[in-house]
Amino acid sequence: ACAICRYTLIPTSFILGLGGSPLWSAKCTYLTISGNVQAAKDNKKGADVVNHYFGIFFFIFQSSAVWGNLMSSLIFGQDTNISNIPEDILSTCGAYGCGITVETNSSTNSTTTSRPAQKLIWTLLGCYIGVGVLAILIISIFLDNIDHQQTSEFRGNREPFCYTFLATFRLLKDWRLLTLIPLTMYSGFEQSFLSGEYTKNYVTCALGIHYVGYVMMCFGAANSLCSFLFGRIARYTGRAALFFFAGATNLACIIALLFWRPHPDQLPVFFVFTALWGMADAIWQTQTNALYGVLFPRAKEAAFANYRMWESLGFVIAFAYSTFLCVEYKLYIVLAVLVISMITYPIVEYYEYKNPTEPIEQAAYKNPKNKADEAGIISQTWM
């Protein structure tokens, strides 16, 4: 079974990452261009409209965690092979757990979780494949080609793929991007901790695998609603206030998780942590994406490619040490990256406050006589 997993999961993960990176970069570019063009038409500040657009997107995107986990919970809830968790196993849950694997032992009845029936696994995979095919059809049929209709007059002739690919690394010459790397990587660290460590060493260990879906539904619901909310109020509070609020929320959760010993009798607490984490993650996702779109208007594709690259590196590092470190040390690492992020991010925010960057689409829309000149500027990568 393990050999089969290696030969299927690893190639599948590689293909997923290969396709996901350009998809996310295209999405971010699409939303940023749409927001700036709409802001120019409505005579509004481009950053405010872009924040609002990202809020709407992540409201819909994060709601997928609700429907996906509801689907898995309802399907796996049909499994009758669910047993109680003994106290000796509960004592290993939480921050002081070191990757102890809990397996079924029918002779001693000291079981926690067991593998769901194969029929249920195939049912769930079939549902996920169906939803994926439906998503492809919706995008293919209904999504407007905004790059052709809206931005050809601003951007001029498109550059070759190799030029765009190398622009991703040329953008690293910009000190603002380098300064944002800790913040971007933290997004990967915090998401990987919740999806990997919290679900395994807190939820599955103390409640069982059949509760993972319900707990992550709470995360998805909080993340979705807060994405929409913070996308709207960012124009009143500013990015900095939201970032520091998210940092304070994650800091409080990390400290609490270091001392909390999860137990089935404390069921509401499991949902409180995911709700708070989802609220903070809504800020990290919406505001960081919007920040990249605001700071690098002349190199959106390269900027968002860098965003995904450094966020993915955070995922890679977190999952790489996942099997070697105890949960306590993983929390310390996430905490350290958070602190570094909160030190480096204000530098960029302060510079942007003193030297605001004007969106290219907005400037070109306001000065139609200069569109040809703007197109020449936009086709170049920000050096």
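The shown structure was predicted, so the numbers you read here are calculated from the model rather than taken from an experiment.
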When rounded to the nearest 0.5 Å, the distance separating SG of C28 from CZ of F54 is 4.5 Å
Quick one, V49 and D42 - any side-chain contact, counting heavy atoms below 4.5 Å? no
Quick check on the hydrophobic clustering: are F228 and F58 connected, directly or via other members, by side-chain heavy-atom contacts under 4.5 Å? no
Looking only at heavy atoms, which two atoms of Y292 and A303 are closest? And how far apart? CD2-O, 3.4 Å
Does the side chain to side chain contact (heavy atoms under 4.5 Å, CB included) test come out yes or no for F243 and T288, once each step is laid out? CA-CA 9 Å; F243 272 126; T288 306; 3.5 Å; yes
Is Y329 reachable from M185 through a run of hydrophobic residues whose side-chain heavy atoms are each under 4.5 Å from the next? yes
Are the side chains of T344 and L180 in contact, using a 4.5 Å heavy-atom criterion? no
Measuring only between side-chain heavy atoms, which start at C-beta, is F315 closer than 4.5 Å to F189? no
What I'd like to find out is whether the side chain of L251 reaches to under 4.5 Å of the side chain of L335, using heavy atoms alone. yes
Least distance between heavy atoms, T92 atom then C205 atom: OG1-SG, 4.1 Å
State whether the side chain of S224 and the backbone N or O of A221 hold a donor-acceptor pair below 3.5 Å, judged by distance alone. no
Does the ring centre of W175 sit less than 6.0 Å away from the ring centre of Y351? yes
Let me confirm one number: the OG1-CG distance from T184 to L313, rounded to the nearest 0.5 Å. 10.5 Å
Indicate if L194 and L267 have the same hydrophobic cluster label, given that clusters are the connected sets of ILVMFWY residues with side-chain heavy-atom separations under 4.5 angstrom. yes
Can a donor-acceptor pair be found between the side chains of E190 and Y186 at a distance below 3.5 Å? no
Would S227 and N223 count as having a side-chain donor-acceptor pair, cut-off 3.5 Å? yes
Under 3.5 Å, side chain of S341 to main-chain N/O of P182, donor-acceptor pair present? yes
Short side-chain to backbone donor-acceptor contact, T204 and T199, under 3.5 Å: yes
May I ask you to test the I75-C127 pair for a side-chain heavy-atom distance under 4.5 Å? yes
Please answer whether the main-chain N or O of Y30 pairs with a side-chain N or O of Y53 as donor and acceptor at a distance below 3.5 Å. no
Is it the case that over 12 heavy atoms from other parts of the model lie below 6.0 angstrom from the CZ atom of F57? yes
Enclosure of Y353 OH (heavy-atom neighbours >12, cutoff 6.0 Å): no
To the nearest 0.5 angstrom, please state how far the CD atom of Q287 sits from the CZ atom of F245. 12.5 Å
Any chance OH of Y321 has more than 12 other-residue heavy atoms, nucleotides or ligands included, within less than 6.0 Å? yes
I'd like to check L257 versus F193 (side-chain heavy atoms, cut-off strictly below 4.5 Å). Are they in contact? yes
Closest heavy-atom pair, G220 versus V66, reported as atoms and distance to 0.1 Å, is C-CG2, 3.6 Å
Surrounding OH of Y350 (heavy atoms of other residues, nucleotides or ligands, distance under 6.0 Å), is the total greater than 12? no
Non-hydrogen atoms of S192 and A318 that approach each other most closely: OG-CB, 2.9 Å
Would W67 and V131 satisfy side chain to side chain contact (heavy atoms under 4.5 Å, CB included), going step by step from the backbone distance to the final call? CA-CA 11 Å; W67 313 120; V131 173; over 6 Å; no
Taking K300 for its side chain and P297 for its backbone only, find out whether a donor-acceptor pair lies under 3.5 Å. yes
Atom pair CD1 (I233) and CG (L229), whose distance is rounded to the nearest 0.5 Å: 4.5 Å
Whether S140 side chain and L137 backbone form a donor-acceptor pair below 3.5 Å: no
Are L225 and L70 joined in one hydrophobic group, where the rule is that I, L, V, M, F, W and Y side chains link up if heavy atoms are under 4.5 Å apart? no
Is the shortest side-chain heavy-atom distance between V203 and T274 below 4.5 Å? no
Determine whether L207 and Y214 satisfy the following criterion, side chain to side chain contact (heavy atoms under 4.5 Å, CB included), listing intermediate values before the conclusion. CA-CA 11 Å; L207 300 178; Y214 295 111; over 6 Å; no
Quick one: pull up CG in L276 and SG in C218 and give me the separation to the nearest 0.5 Å. 9.0 Å
hydrophobic_cluster_shared for F230 and I60, side chain cutoff 4.5 Å: no
Would you confirm whether the ring centroid of W277 sits within less than 6.0 angstrom of the ring centroid of Y198? no
Dump the intermediate steps for side chain to side chain contact (heavy atoms under 4.5 Å, CB included) on F296 and R176, then the final yes or no. CA-CA 10 Å; F296 309 104; R176 298 174 300 172; 3.7 Å; yes
Pairs flagged by ring pair (Phe, Tyr, Trp, His ring centres under 6.0 Å) wherever residues 249-274 is involved - sequence neighbours left out: Y202-W260, W260-F270, W260-F273
Which heavy-atom pair separates R261 from Q266 by the least distance, and what is that distance? O-OE1, 3.3 Å
To the closest 0.5 Å, what do you measure between NZ (K44) and CD (Q38)? 8.0 Å
Can you check whether H52 reaches R232 side chain to side chain, under 4.5 Å on heavy atoms? yes
For K330 and L325 the tightest heavy-atom approach is CE-O, 2.9 Å
